[in-house]
Structures are given as structure tokens and as C-alpha cells.
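First up is the structure itself, then whatever we jot down about it.
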Amino acid sequence: MVDVPRLRFAPSPTGYLHVGSARAVLFNWLVARRTGGEMLLRIEDTDAERNRPELTDNILETMEWLGLGWDGEPVHQSRRLDLYRDAAEKLLAAGRAYWCDCTAEQVQARAKERGGPPGYDGFCRERGLERGPNTALRFRTPDEGTTSFDDIVRGHVAFENAVLEDFVLLRSSGMPTFLLPNVVDDADMGITHVVRGEEHVNGTPKYLLLSEALGLGYRPVFAHLPVLVNAQRKKLSKRRDSVSVADFRAEGYLPEAMVNYLALLGWGPPDGVEIRPLSEIVELFRLEDVNSSPAFFDVKKLQAFNAEYIRALDADTFVERARPHFTHGDATTEVLRPMAELVRDRVRLLSEVEPMVAFLRDDEVQVDDDSWQKGVVKLGDRGVAMLEAAHRRLGSCEWDRDAIEAALREAAVEAGFVNPEGHAQMSKAQSPVRVATTGRSVGPPLFESLVVLGRERTLDRLEKARERL
RNA sequence: GCCCCCAUCGUCUAGCGGCCUAGGACACCACCCUCUCAAGGUGGCGGCACGGGUUCGAAUCCCGUUGGGGGUGCCA
């Protein structure tokens with residue numbers, strides 16, 4: 001039988017999918033795709049206290065949005081509890097586990113008393129306790145020897161068994177904790193490559209010891225990915241940092257930009273070409289090339305990628321993809337369509353699209369104070385003259401892009417915006433007209449904007465601005 | 001405290017003993033283009049943490065120091 005690589009992503013439904021997990025999904029997915037293997041999905045919901053079942057949907061939906069699907073049906077640990085209990089019984093029967101009734105307080109108190117390292121001290125190892133209402137089952141770690149493994153990204157990693165404390169297998173509630181189901185399922189699901197975050201490195205010897213004690217004869221290949229950190233170089237945390245992939249989606253990031261960017265955290269293509277389709281990344285990606293040092297999640301660079309991906313969209317696709325971000329669906333779509341390319345080349349996020357064309361949609365224009373001061377008031381008499389000249393000339397010209405440009409250039413000359421060569425100085429002259437009609441000092445090209453705005457509203461807004469001065 | 005890991009421009013990375021006067025990308029700065037803003041073009045700023053080895057030769061290998069991170073839960 002040929003060994004088909006089999007990977008897995010194993011989230012616990014205690015939070016939304018964040019960028020760190022998304023990167024883990026991606027790398028697992030890439031390996032599966034590249035090697036012709038599969039990536040399975042396992043929901044690690046053994047913590048009844050913290051589980052939020054509805055979050056599973058968010059995680060799955062977000063993975064689909066990213067375009068990183070999984071193979072087969074998701075496995076839920078909460079539906080396989082018998083498997084873990086059987087495994088626990090086996091360990092107990094083999095003398096590799098024992099019952100313990102110590103409370104967390106007692107464990108801490110003893111650690112403090114002896115002045116040694118924190119953690120469980122093996123107090124109940126020889127007490128011969130029976131299962132009771134307040135007993136947890138602990139794994140008895142070896143006192144001697146070392147446990148080591150070869151990590152694809154980190155090389156050889158070794159631990160003295162003596163530093164491994166006797167960890168909990170079954171809570172007093174009877175529910176298993178992380179490690180036991182993790183090992184049992186990986187073996188049961190035939191996982192060949194365990195690709196996960198660096199935070200799991202220290203748990204790996206326990207994982208291996210468990211596998212051995214269970215007589216599973218199971219030993220996957222490990223690859224521990226570097227953590228993603230914030231600007232303070234701390235591991236990204238859901239509490240401190242805004243890292244929910246669903247939030248990025250809501251802000252108007254494209255999944256292809258997100259995935260492309262994520263691939264570059266801890267890995268780089270050999271030819272240095274950073275922006276490229278996922279299909280190419282699949283071809284190039286190798287776990288052996290993954291870094292082992294922490295990577296900063298740089299939103300600025302993500303935005304740059306996003307802008308580039310947006311610019312690569314054709315006009316219709318751009319409108320369709322921006323549409324879900326509109327608060328006034330059809331109305332915004334209508335005014336955006338004729339301006340699509342011009343707007344598309346100016347936004348970094350899809351959420352920026354609607355504000356950029358709102359002046360075309362709404363009856364009244366909201367004039368930004370700062371823009372008003374800098375773009376109109378500051379120009380003094382010439383600003384007034386420009387508004388008046390523009391109003392007059394736009395009142396009688398044809399209504400197309402070139403005619404509007406010609407009219408405004410003439411208005412500029414009339415209002416005194418002339419350069420040494422005697423030509424209209426449009427960079428300055430356009431500003432009062434722009435602010436009066438669009439409400440802002442920056443935005444899509446003015447002439448095209450006015451075409452869509454229409455003569456009536458344009459003249460009306462120029463007049464209102466004039467009156468306001 | 002103990003255990004494990006990490007260390008190339010501000011950031012993400014290329015580099016796997018000579019091709020390195022260290023390449024690219026993002027960010028930043030300047031100029032060009034230009035109806036604003038973008039985009040684009042050109043140029044610039046900027047890095048092998050430090051100290052020892054090994055070697056004819058080290059960003060690349062080894063050791064130490066320093067700095068950073070992760071873990072140390074009846075969370076995952």
C-alpha cells in the first residue's frame with residue numbers, strides 16, 4: 001500500500017479562526033495539495049466549559065472563504081469519547097496512569113513549599129487511589145531517559161523525561177484533556193504529518209510517550225511552524241490583537257490576497273516573486289524551506305497585497321465583489337459601475353469603495369471640514385472666482401468628460417489659476433470644485449465624476465458652496 | 001525558576017562555505033508623470049546581534065554571550 005500523506009487541521013471551537021490558525025491551515029493544505037495527499041479536519045471540542053459550538057461554523061465557513069477546503073467529513077472529538085476512555089483504561093490497566101485527587105491549589109502549595117519548579121510533583125503516584133468523584137487520571141511519565149523527535153522545520157529536538165510532569169489524561173468530569181484524544185485520533189485517522197504551531201513543541205514528547213504507552217506503534221512526522229507575533233513581538237492573541245480572519249473579510253480583504261500574504265510568513269519562494277496565484281505556491285512550497293523564527297503579521301503589507309489583487313480585477317468582477325460591502329446596495333452599484341476602473345485603482349480595501357462614490361449617490365453632499373478649509377477657504381478670492389466661473393461655464397457646455405475638462409480649464413484661467421506659460425493650473429484650480437461637488441479634497445478623477453454626478457447636481461453644489469463662503 | 005526554540009535592512013524574506021560590495025518585497029524619503037488621490041517610472045535610506053573558534057575562505061559550520069519568543073493548566 002502506498003503511503004498517501006495525510007494531514008489535519010484540528011481547531012477547537014473556543015474562538016474565531018484567527019490569522020495564526022489560518023496560516024496553519026494553509027501550510028497543511030499546501031503540503032496535502034503538493035504531495036497528492038489529503039487534509040482532514042478534526043474539531044477538538046473536549047472542553048465542555050469553553051466550547052461554543054456555533055464557532056465551528058465560523059471556522060469552517062472562513063476556511064471555505066479562504067478557498068482552503070478539507071477532505072472528508074469533519075471529525076468531532078465530542079462524538080468519539082468512548083475511544084479516549086478505552087485508551088485511558090488501557091493505560092490504567094498497564095500501570096501507565098493513576099488516579100489523583102489533588103486540587104490545583106494543593107499542587108501549587110506544595111510546589112511553593114519545596115521551592116522547586118511549579119507543576120505537579122507526582123504526589124499520588126503510589127497512593128493507589130480508586131476512581132472517585134474528584135479524581136483525575138494522570139499519565140505517569142518516565143523518570144529517566146530522553147524523548148526526542150526530528151522536526152522538519154526545527155531539526156532534532158530532545159527532552160529529558162525527568163522534566164515531564166505527570167499530566168492529566170481524564171478530568172474528574174470524565175472528559176479527556178487535549179493530549180490523549182490528540183494522539184488517539186491522529187493514529188486512528190492515519191495522520192502522517194503533524195503540522196502545527198510552535199506552541200505544541202513542548203507537548204510533543206508527551207504525545208510520543210502516550211503513543212508508545214498505548215502500544216500504537218504510531219509516530220507521525222512533525223513540523224512545528226513559527227509563531228506569528230504582533231509589533232511587540234508577542235504571540236498574536238485574540239484578546240490583544242485584531243486577528244479574526246472573518247473581521248478581515250468584513251473589512252474588504254480578498255481571500256486570495258490573504259492567503260498569498262499568509263504563505264509568505266515563515267516561507268519565501270525561491271525566485272523571490274511574492275505575489276502569485278495559489279496554484280504556483282502549491283508547486284513551489286516545501287516544508288523543508290519553512291523558517292523557524294517568529295514572523296510579524298504586518299497589516300501594511302497585507303493591504304499592499306490586497307490593493308494589488310483588487311487592481312487586477314476586471315471592472316465587473318470588482319463591482320460584484322465590492323457589492324456585499326455596500327450599505328445601499330443597488331444605488332451604490334449603479335453609480336459605481338461607470339466609475340469602476342477609476343475607483344478600483346484607488347482603494348486598498350473593498351470597504352473603501354462605497355465612501356468613495358457616496359457623493360454620486362446621495363442628493364446632498366457632506367462637505368468635510370478640513371477639505372473645505374484647505375481646498376476652498378484658503379484660496380480666498382480666487383477660490384470664489386473659480387466657483388463662480390465653473391458654475392457659469394459648466395452651465396452651458398456639453399456634458400461629457402472632455403467638454404467638462406475644457407470648461408474647467410477655461411474657468412481656471414478666468415479665475416487667475418495660470419502658470420508662467422499662460423496655461424491653466426488645474427492642480428490648484430480643481431480643488432474648490434472638487435470639494436464643493438464631492439465634499440472631499442481627494443477622490444476619483446474630477447471630470448469623470450462630474451459626468452456621473454450630472455449637470456443639475458453639479459451646478460447646485462457649486463452654488464451652495466458659493467453661498468456658504 | 002525549569003524546559004524547548006529562535007537570531008540577515010523598521011517588517012517579511014532570499015542566502016544553505018567562495019557567484020555577497022548581501023538580492024527582492026512592504027514601509028519610508030526624493031524626483032518624474034499628473035485635474036486631487038492613487039497607480040506607474042527612476043533613485044535613495046537601511047541589515048548579517050556580539051565574542052571566540054574551524055577553514056585558504058563564514059551571513060552560511062561549531063562554542064559561548066546577549067537579546068527575544070514559546071511552554072510550564074483538570075485550555076487547546
With a cut-off of 6.0 Å (strictly less than), are more than 12 heavy atoms of other residues, nucleotides or ligands near NZ of A/Lys378?
no
Both A/Leu179 and A/Val201 contact RNA chain B. Taking the nearest nucleotide for each, which residue is further toward the 5' end?
A/Val201
Contact class for A/Arg154 (heavy atom, under 4.0 Å): base, sugar-phosphate, or nothing?
sugar-phosphate
Considering only atom P, compute the distance from B/A7 to B/C61 and round it to an integer number of Å.
10 Å
Distance, P atom - from B/A25 to B/C32, rounded to whole angstrom:
23 Å
Are A/Phe285 and A/Phe27 an aromatic pair by the rule of ring centers under 6.0 Å?
yes
What nucleic acid atoms does A/Arg348 come within less than 4.0 Å of, heavy atoms only: base, sugar-phosphate, or nothing?
nothing
Which value, in whole Å, describes the distance between the C1' atoms of nucleotides B/C29 and B/C45?
7 Å
Please encode protein proximity along nucleotides 35-41 of chain B as a string of B, S and -, counting only heavy-atom distances under 4.0 Å.
BBBBS--
Using the P atom on both, measure B/U8 against B/C50 and round to a whole Å.
11 Å
Need one value for A/Ala10: base, sugar-phosphate or nothing, where a base atom within 4.0 Å counts as base even if backbone is also close, heavy atoms only.
nothing
Is A/Lys300 close enough to B/G10 that one of its side-chain N or O atoms is under 4.0 Å from OP1 or OP2 there?
no
Look at the side-chain N and O atoms of A/Lys301 and state whether any lies under 4.0 Å from the OP1 or OP2 oxygen of B/A27.
no
Using a distance-only criterion (donor-acceptor N/O pair, under 3.5 Å, no hydrogens), is the base of B/C5 paired with the side chain of A/Ser292?
no
So, does A/Asn28 use its side chain to make a donor-acceptor pair with the main chain of A/Val195 at under 3.5 Å?
yes
Can you find a side chain N or O atom of A/Thr46 that sits less than 4.0 Å from OP1 or OP2 on B/A76?
yes
With both distances kept under 3.5 Å, what pairs with B/U11, Watson-Crick or G-U wobble?
B/A25
Could you state the CG-C1' distance from A/Leu208 to B/C4, rounded to the nearest angstrom?
15 Å
Under a 3.5 Å cutoff, is there a donor and acceptor pairing between the side chains of A/Asp101 and A/Thr135?
no
Rounded to whole Å, the CD-P distance (A/Glu198 to B/C3) equals 17 Å
Remember a base hit wins even if backbone is also touched, and classify A/Glu165 as base, sugar-phosphate or nothing at under 4.0 Å, heavy atoms.
sugar-phosphate
Taking only the side-chain heavy atoms of A/Phe178 (C-beta and beyond), determine which of B/G70, B/C4, B/A76 contains the nearest atom.
B/A76
Hey, do the aromatic rings of A/Phe297 and A/Tyr261 have their centres closer than 6.0 Å?
yes
Nearest of B/C3, B/A76, B/C16 to any side-chain atom of A/Glu44?
B/A76
N or O in side chain of A/Arg233 less than 4.0 angstrom from B/C12 OP1/OP2
yes
Atom pair distance, as rounded to whole Å: OH in A/Tyr120 and P in B/C75
16 Å
Report the residue from A/Lys206, A/Glu44, A/His200 that forms a side chain to side chain donor-acceptor pair (under 3.5 Å) with A/Asn182.
A/Glu44
Using the P atom as the reference point in each nucleotide, state the distance between B/A14 and B/A49 in Å, no decimals.
15 Å
So what does A/Asp45 touch, heavy atoms closer than 4.0 Å: a base, only the sugar-phosphate, or nothing?
nothing
Answer with yes or no after comparing the ring centroid distance for A/Tyr207 and A/Phe149 against a 6.0 Å cut-off, counting only values under it.
no
Judged by each residue's nearest nucleotide on RNA chain B, which is more toward the 5′ side, A/Val168 or A/Asn291?
A/Asn291
For B/G1, the nucleotide meeting Watson-Crick or G-U wobble distances (both under 3.5 Å) is B/U72
Please classify the nucleic acid contact of A/Gly266 as base, sugar-phosphate, or nothing, using heavy-atom distances under 4.0 Å.
sugar-phosphate
Separation of B/C74 P from A/Phe123 CZ (nearest whole Å):
16 Å
Find the partner of B/C45: check Watson-Crick (N1-N3 plus N6-O4 or O6-N4) and G-U wobble (N1-O2, O6-N3) distances, both under 3.5 Å, and reply none if neither fits.
none
In whole Å, I'd like the distance from the CZ atom of A/Phe305 to the P atom of B/G24.
16 Å
For a 4.5 angstrom cut-off between non-hydrogen side-chain atoms, does A/Tyr84 reach A/Asp185?
yes
Nearest-angstrom distance, C1' atom, B/C26 to B/U34
25 Å
State which of B/G69, B/C12, B/A76 makes the closest approach to the side chain of A/Ala295.
B/C12
Hey, does A/His200 reach any base, or is it just sugar-phosphate, or nothing, if we go heavy atoms under 4.0 Å?
base
May I ask you to evaluate whether A/Asn202 reaches the phosphate of B/C2, defined as a side-chain N or O under 4.0 Å from OP1 or OP2?
no
Students often get this wrong, so: under 4.0 angstrom with heavy atoms, is A/Phe296 touching a base, only sugar-phosphate, or nothing?
sugar-phosphate
Integer angstrom distance from the P of B/C16 to that of B/U11
23 Å
How long is the line joining NZ of A/Lys238 and P of B/C75, in whole Å?
16 Å
Residue pair A/Pro13 / A/Ile43, side-chain heavy-atom distance below 4.5 Å
yes
Checking only heavy atoms, does the side chain of A/Glu274 share a donor-acceptor pair with the base of B/G24 at less than 3.5 Å?
yes
Does the side chain of A/Thr141 come under 3.5 Å of the side chain of A/Asn161 through a donor N or O and an acceptor N or O?
no
Could you state the NE2-C1' distance from A/His423 to B/U34, rounded to the nearest angstrom?
15 Å
Check the phosphate of B/G70 against A/Arg196, side-chain N and O only, distance under 4.0 Å to OP1 or OP2. Yes or no?
no
Which nucleotide in the list B/C74, B/C75, B/C26 gets nearest to the side chain of A/Asp298?
B/C26
In whole angstroms, the gap separating P of B/C74 from CZ of A/Phe139 amounts to 16 Å
Using a heavy-atom cut-off of under 4.0 Å over every strand shown, decide if A/Ala136 touches base, sugar-phosphate, or nothing.
base
Interatomic distance at P, B/A59 relative to B/C2, whole Å
34 Å
Against the six-membered ring of A/Phe123, is A/Arg110 placed for a cation-pi contact (under 6.0 Å from the centre, within 45° of the normal)?
yes
